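One structure below.
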Amino acid sequence: MREPIARSTSRPVEPEEVFREPRAVPPTAVQRVEPEADAFADLPVLTLEPEPRFKRAKWLGRLLWGAMGLIASLALGLAADSLIRELYRRAEWLGWVGLGALALFVLAALALAIREAWALRRLHGLEHLRHAAAQVLVSDQPDPARAIVQQLSAVYAGRADMARARTVLDADAATLFDGADIVRHAERTLMLDLDARAKALTAASARRVAVVTAVSPRALIDMGYVIFESLRLGGTIAQLYGARPGFFGSLRLVGAILAHLAVTGGILLTDGFVEQLVGQGAAARISARLGEGFVNGLMTARVGIAAMRAVRPLPFAALQQPMVRDFIPELVNLTKGTGSPS
Amino acid sequence: MAQPPTIAVDELGIALANLRDAASGTVTPTLRLGVTGLSRAGKTIFITALIHNLLTGARLPGFTPAADGRLVGAEIAQYPDKAMPRFAYEQHLAALTGHQPVWPDSTRRISQLRVTLKYQSTRFLKSLGGLSTLHLDIVDYPGEWLLDLPLLSLSFAEWSADALERARRPASTREAEAFLAALDALDPLRAATDTGAELLANGFTQYLRLSREDGRALSSLPPGRFLMPGDLEGTPALTFAPLPAQTQQVRRGTLYALMEERYEAYKRIVVRPFFRNHFARLDRQIVLVDALRALNAGPEAVADLETALTGILACYRQGDGNPWTRLVSRRIDRILFAATKADHVHHTSHDRLEAILKRIVADASRRAKFAGAETRSLALASVRATTEGTLEEAGETLPCIIGKPLAGETIGGKIYDGVEEIALFPGDLPANPDTVLEPGNPVRINFLRFTPPDVTTRTSDGVAVLPHIRLDRALEYLIGDWLR
């Protein structure tokens, strides 16, 4: 039985107000200093890595697209209207059928749009979370960190595979008092498993790409396959981290992945540069196609890593980001089979 | 003139012991963790909680080896020094997690424990051999004894001047009255008698005891063994008292000469071995500071605390060593200053508590950094006795803590019985840490002591989980890098 007695002991006193005596001095004794803007206030909080953000269209572009959309909608509306009228003119029942079909179409389109918007929001939410987490890692404030944990729990609320991790995180976050600790703990508990699975998916994809490239008769086929596999990999990884992208979400994801590749491609390239040269040289000596397969496989691995960085809701702080070189053994062991497509 | 705390023979002994450790350390490295804190700073609780959390592998999310799953396990091992009592971990834990949890009694004697940690290293070469092992040696001792360390560099005359100045302060008139009267009645230059010396020493001990019970003077009153004599009670080495400085030549056989001789004997027999065996060879140090109790007692107590800590920490060997010098000379390369009992304030006040702690240990910390050691400060609670909440008072929302105050704790005229649970807003800590040292500042805060928490959560193995605040962060800082 708890019977908390709420009792204020000493009234909260603002120390500054109490400890400072009021005093008056002649103005000549005062050195006037203009308030100076804090030089550090505007500096952006350093994130752990340079990350490209989704760019929003400028207002001119928005105007253009908006107007165009309006015209298109008007045209569509007009077309639909005249179609229905025409149908009614032919026969009453035909008109009703047409109207019904139109209503269904509009309903379905609306549902789809809502789903897309939802997916986009989710993707955006993950990105937002990542930035917030990167800031907390620097600022070490507990309250935003708890908010992040709550949002993460919401993101993964429907996931049976993460039930245990969620429970552990919720219980432990209450015992932690430092923002950075909370975020790092969240990363360890929630992301560890997801990272491993994303890595496995990437490895399997890379291996498939390498094999297809090695055996495909035409360059066009393996190019197509690389693109197909990359898209699929990006989608799967996004789903794994809780993004569930729809069509537009996927487009945005592809954009983000490409942006990541552009920014970090250099880093990822140099990370395994020597191994790549050696591997490629050795593989190419055996067979030119095998060498190409190796390169394409590494490319896919890079796409997988970029996708992870694009959709992971927390930055890599406590855990290590996978490197391209981690996938080289997988690619070298092509004989082990292509792995089952997931 | 300040004397060095050790003599040449000690140095040789320390170097040899280090060499021996280094030899055995090639197989299993040993990390000696120094837990420093005045009496009632929470040393015993800290050690108990630390061992318990390591043994059970319970809630340590901020401790990387445990969070990464690399810490395989820990167990209590045989301590190599067979002449020392073992730290009564089981009894302390039973007290904390019993049906009616109580805080362990204050430490009355020295004890030690060795915990062996098994972990998987992340270093390539180390991880080749499978699991690695690390011994963690911890010593617990009465905090009063710590006050003796500064005596090592003080002569009898210096110490006497200091002690008498303290006794004559207006604040301690009541406690010191009897002793000062006895002192005035004696002529130090007369021939000494055992009874006279005993009488004076008793008066002095009584004075020390009274001022400790008073609680205002924050135990910065050496010699510590007078308060916690252990098995030396009544020996000549513990039967002396400070005497006023003499202008004439002091002849042998006088009371002054006798007292001086006993003072030196006290240093030789009691203090120096204690220092040599336990403090001269440490790798890491945590300094537990009960800042809240001092804040409760007022600026004088805070100033006392600062003086005591600075004096004590000056005795330690801090600095950055390299693997070669470490063979013969161990130095503390990381010091963690911890404001204990952080659960007595709401977590929004932890920043201010840390700022106050930094102010209190500023001198000690500066000295350590100059010597090359790393320092950090944080607010922690080894065992968290409260939960947090908010309370509405006159339209204002106040952050408060919820817990059961110990029986006898009192606030606003009400005395608690140790059963009732209350929500307490202890008052705001000052934003400017300097104000806590300004004499004459009224006390605007009131912290209560709480009973230990009821154990409500257990691990899957059925072991009680002791809640804590930032114990994992402290561990990470103190031993985390040894477990890489």
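Convention: sequence-line order gives letters A, B, ...; per-chain numbering from 1. Since we're looking at a predicted model, the values are computed, not measured.
- Interface remark: Asp68(B) contributes backbone and side-chain atoms alike to the contact with chain A (heavy atom separation under 4.5 Å).
- If you measure heavy-atom distances from Ala173(A) to chain B, you find no contacts under 4.5 Å at all.
- Salt-bridge annotation for Arg159(A) and Asp193(A): absent, with no side-chain N of the basic residue lying under 4.0 Å from a carboxylate O of the acidic one.
- Using a 3.5 Å distance cut-off with no hydrogens or angles, the side chains of Glu354(B) and Ser377(B) do not pair a donor with an acceptor.
- Using a 4.5 Å cut-off between heavy atoms, Pro61(B) contacts chain A through both its backbone and its side chain.
- Residue with the most contacts toward chain B among Asp178(A), Thr175(A), Leu192(A): Asp178(A) (heavy-atom pairs, distance under 4.5 Å).
- In this structure, Arg164(A) places its CZ atom where only 12 or fewer heavy-atom neighbours from other residues, nucleotides or ligands lie under 6.0 Å away.
- Neither the backbone nor the side chain of Glu438(B) has a heavy atom closer than 4.5 Å to any heavy atom of chain A.
- Between Asp181(A) and His185(A) there is no side-chain heavy-atom pair separated by less than 4.5 Å.
- At a 4.5 Å heavy-atom cutoff, Thr348(B) makes no contact with chain A through either its backbone or its side chain.
- A distance of 6.0 Å or more separates the ring centres of His344(B) and Phe447(B).
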